[in-house]
Amino acid sequence: MNKTFLQYVAEDILRKHDTNLSRTAVVFPNKRASLFLNEELARHAGQPLWSPAYITISDLFREYSERMVADPIKLICDLHKVFNSCTGSDETLDRFYGWGQVLLTDFDDIDKNMGDAHQIFVNLKNIHELDDVSYLTNEQKELLKKFFDNFSDDMESKLKERFINLWSNFEEIYTQFKECLYRQGLTYEGALYREVVEKKQIDFRYDDYIFVGFNMMQAVEQKLCERLKALGKAHFYWDFDDYYMREHNGINHEAGTYIRQYLQQFPNELDASDKDIYHNFDKPKDITYLSAMTENIQARFISTWLKDKKRIEDGRRTAIIMADERLLPTVVHCLPPEVKHVNITTGYPLQYSPVTSFVKLLINLQTIGFNASRNTFSKKWKTMLLRHPYMKYIQDTNMVFGKAYGDVASMNTWLVGLLQEIGHGYASASGEDPFVQEAIFRMYTLFNRLETLIVSGDLEADLNIYNKLINQLIASTSVPFHGEPVAGLQIMGVLETRNLDFDHILVLSCNEGNMPKGVNDTSFIPYAIRKAFGLTTIDNKVAIYAYYFHSLLQRATDITLSYNKATNRTSTGEMSRFMLQLMVEGPQEIHFKNLNAQQTPMRSRKLAVAKNEEVMNVVNALHRISPTALSAYLRCRLRFYYRYIAGIKEPDNESEEIDNRIFGNIFHRAAELFYTDKNHGGTIHADDIEAALKDKSLLERLVDKAFKEKLFEVEADKNVTYNGLQLINRQVIIDYLRKLLRIDSKLTPFAILGLEEPVEKAFHIDTSCGAKQIYLFGNIDRIDKVETEGRARIRVVDYKTGSNADMKVKSIDDIFNPEKIENHTDYYLQAILYALILRDSHSLNPSSLPVSPALLFIQHTAGNDYNPTLLLDKQPIMDVADYREEFTDHLKQLIEEIFNPNIPFSPTQNTKQCQYCPYRNICG
């Protein structure tokens, strides 16, 4: 096993400083390496010791400034105000936010590299007064188009004018922004660093400052180190080997250049006996390049990779590095169960957590889901929220749906309160997941931070800007994992690998664009000026990543580098330039392999569900069956199973658009309202209907009331606003209602016996467990009593707003034959069953009158001889009792089949039935 860089450092620190390190501070680029160094110091000391203080370079600077680094959102909000004030612009915060981050990065870079701000901004103004803007790339022009309104492809002069206006104000923006922050006791990191190094007197609290593993220092960091070095307080450990120092080696020339630069400024203090810290890269390594067609295939390979060469057993000596950290969710799900301990250094994206979907639903409810004209929330967003699992942690749903918030301040306060509520509710629930709890807390912290900025007046935005800002903030926030950093498999991003060494390394998505990461020069300051004034350039970024890449590989002996070779919108399909250099110029032998999905085309096969003990327990628990359920069984036994046995509900209409079911419900309710109002004496007369048809507003009022109940779900006294499609449907329903009344006028006088009447009848069947009683139930749209040729009969009327299929039913057998169900689209089963129930009902049919089943298709009522009574072999059913025995026998056989354990719930062989089935994606 190779000795790590931190092991060398620990041994040397103990040799030179002994075990009393109480007056020593170890300075790292980041915090992670300190945990590993502390463990190495304890292990090598072999006795109790005073540990040193571990601080980051950022901590070191912040300790000697009275100012605080402001919250990132606060910085952008203040910069936005200064920007608009200095330029006379009226840019909105959401449009400015991304550019504000670039501008802030430029200011930060100027200060961290001790740039002469005045000279830089003067040169910027001068360069943009040239007649040419050709130095801009097409990508930069596209980005600037979004920033500057009214810019088109043929308006370069307009772009130049905007540029000059912007750059001529840069120095004023820079100066006023700093002053704005200073007045509040705040600053940004670069300004704080610069302020510290420009102080004439600093009382450093430690006797010794040991800088470990820095690869590239900015000017302010170098100045501070020079100052400590002059005081005899600074010592340096650089992580490099002879490989970095080869003058003509093209593989790592960039990284080597910067290492030499710092060695000249801060000579390494190790004596000759310590030269074994140089670990030669030429030692044999097992290097494999893996190409794959997708990111997912690379992640799926993790399980196979870990199980080989004792990689799992080697614990923290094994690392999975994500060059693209967006792979984290997939990587986590691809870990094999054999991995017992994992340390994940990158945070899980907050946007992928359930709390994000909850917050976005809440915001949508208050914005696009609120209808101001009728002061109601959209059914779609209410339904989606009620289905969200986090709603169960809110005790009073009135907190969610009780009030609309028309301004950012009140909405944010509302969101903070709801997040606090679900946080408490989740924490008190049994079996809570600490990760989920952390995600909720992170979201609460984010909105609480916004609350402070809103109350203080720093954040000024309307609801639209606020919504966009929230999306940006959530996308840039991550949820940290808590664990034991020095134990188990290490999963990390590239930056977290600094100063750490591993034996086994798998680098995922090692593509150009990921390694080096973000190699672009997104800045308001052109490359030439950045280079001239010593600011960070694209060269620096490449060099830093070159160092990361090669330092990661230098002590590892088992290296696997994978990349996505597919070319798509987001990937060029190229391996990293560092991989190419290593392959062409490196001394190591490299193995090449391809990762293939090994997919075999599979045919979709629907499987029947056997009636095992568990299934039969549910089946035997059925006590009530509707005609709709029986029709579903006839169409497809498997569909019946999904809906009535497995309990998988069909999706509801979550929008305020009108589907066929909602349309029918509105019409049914309007018809019920009409006859409820007119049925005072039990008999409907011709003049009742004629009066209604002459009253132009009556039918409109009834339909509007039905719309409020069945679509908008509001009280009758609430105002509603129809959209275009709803208006069309409203008029169609009014016309349908008018057609119904015209056909009914020909029946007058007739009596209404029931509207939307619930019915139920006990039915006895034989099962394998013995005799069983089942209740058949449903709702009859309308029960009326009419006279035909002087004979009274009762009709069971089912309204149909759809098109009348060419129904050809010759016998009762046809109704129960699944192969002929398309001939009657299961209407017959329901209508005849309801008619039989009514025929034997003493309460609804005390005189035992004949009962006819009727299907009234509103679209087909125009003819004078229209008769909705059902036909069997072209003959109207004047009394359903004539078919009682035959129908009942078939019905009994059908229901007993459902309870037969030997007949599985099999899928239909008629694929036409699958076209509109809501379960088609489940059964395949």
Legend entry - Stepwise side-chain contact (heavy atoms from CB on, under 4.5 Å) check, Leu495 with Asn30: CA-CA 9 Å; Leu495 295 181; Asn30 62 1; 5.9 Å; no

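- For Tyr289 (side chain) and Met579 (main-chain N/O), a donor-acceptor pair under 3.5 Å exists by modelled atom type.
- For the 3.5 Å distance criterion, the side chains of Thr356 and Gln351 fail to qualify, holding no donor opposite an acceptor.
- At distances below 3.5 Å, not a single donor-acceptor pair connects side-chain atoms of Ser65 with backbone N or O atoms of Arg62.
- Side-chain atoms of Lys340 come within 3.5 Å of backbone atoms of Pro337 as a donor-acceptor pair (strictly under, hydrogens ignored).
- Salt-bridge check for Lys3 with Glu11: passed, with a basic side-chain N closer than 4.0 Å to an acidic carboxylate O.
- Side chain to side chain, Thr56 and Asp59 meet the donor-acceptor criterion of an N or O pair below 3.5 Å.
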Legend entry - side-chain contact (heavy atoms from CB on, under 4.5 Å) between Ile57 and Phe214, worked out: CA-CA 10 Å; Ile57 189 73; Phe214 284 84; 4.0 Å; yes

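- Looking at Asp239 and Gln554, their side chains do bring a donor and an acceptor atom within 3.5 Å of each other.
- With Gln490 contributing its side chain and Gly488 its backbone, the two residues share a donor-acceptor pair below 3.5 Å.
- Tyr8 has its ring centre no less than 6.0 Å from the ring centre of Phe5.
- Taking the centre of each ring, Tyr64 and Phe204 come in below the 6.0 Å mark.
- Side-chain atoms of Ser509 and Asn514 form a donor-acceptor pair, as typed in the model, at a separation below 3.5 Å.
- A donor-acceptor pair shorter than 3.5 Å cannot be found between the side chains of Thr346 and Glu325.
- Side chain to side chain, Ser523 and Asp106 meet the donor-acceptor criterion of an N or O pair below 3.5 Å.
- Between Glu438 and Pro480, the closest side-chain pair of non-hydrogen atoms falls below 4.5 Å.
- With sequence neighbours excluded, the residues that form a salt bridge (charged side-chain N to carboxylate O under 4.0 Å, His left out) with Arg316 are Glu39, Glu40.
- Sparse packing is recorded around CD of Glu66, with 12 or fewer heavy atoms of other residues, nucleotides or ligands lying under 6.0 Å away.
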Inset, instruction - Starting from the C-alpha separation in whole Å, work towards a yes-or-no answer on salt bridge (Lys or Arg N to Asp or Glu O under 4.0 Å) for Lys285 and Asp558. - result: CA-CA 6 Å; Lys285 298 176 184 292; Asp558 173 23; over 6 Å; no

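- Using a cutoff of 4.0 Å between basic side-chain nitrogens and carboxylate oxygens, Lys309 and Asp286 are scored as salt-bridged.
- Checking Thr345 against Arg32 by side-chain atom types alone, no donor-acceptor pair falls below 3.5 Å.
- Within the structure, every pair that satisfies the ring pair (Phe, Tyr, Trp, His ring centres under 6.0 Å) test and touches residues 23-63, not counting sequence neighbours, is listed here: Phe61-Tyr193.
- Side-chain contact check for Arg449 and Thr445: no donor-acceptor pair (N or O, by modelled atom type) lies under 3.5 Å.
- Here Lys178 pairs with Asp111 in a salt bridge; the nearest charged N to carboxylate O distance falls below 4.0 Å.
- Ring to ring, Phe211 and Tyr237 are not that close: their centroids are 6.0 angstrom or more apart.
- The backbone N or O of Val479 lies less than 3.5 Å from no partner atom in the side chain of Arg442, so there is not a single donor-acceptor pair.
- For the pair Lys199 and Glu195, the salt-bridge criterion is not met [side-chain N within less than 4.0 Å of a carboxylate O].
- When atom types are taken as modelled, the side chain of Asn511 and the backbone of Glu574 share a donor-acceptor pair closer than 3.5 angstrom.
- In terms of modelled atom types and a separation under 3.5 Å, the side chain of Arg23 and the main chain of Arg205 share a donor-acceptor contact.
- Side-chain contact of Asn20 with Ser22: a donor-acceptor pair under 3.5 Å is present, judged by distance alone.
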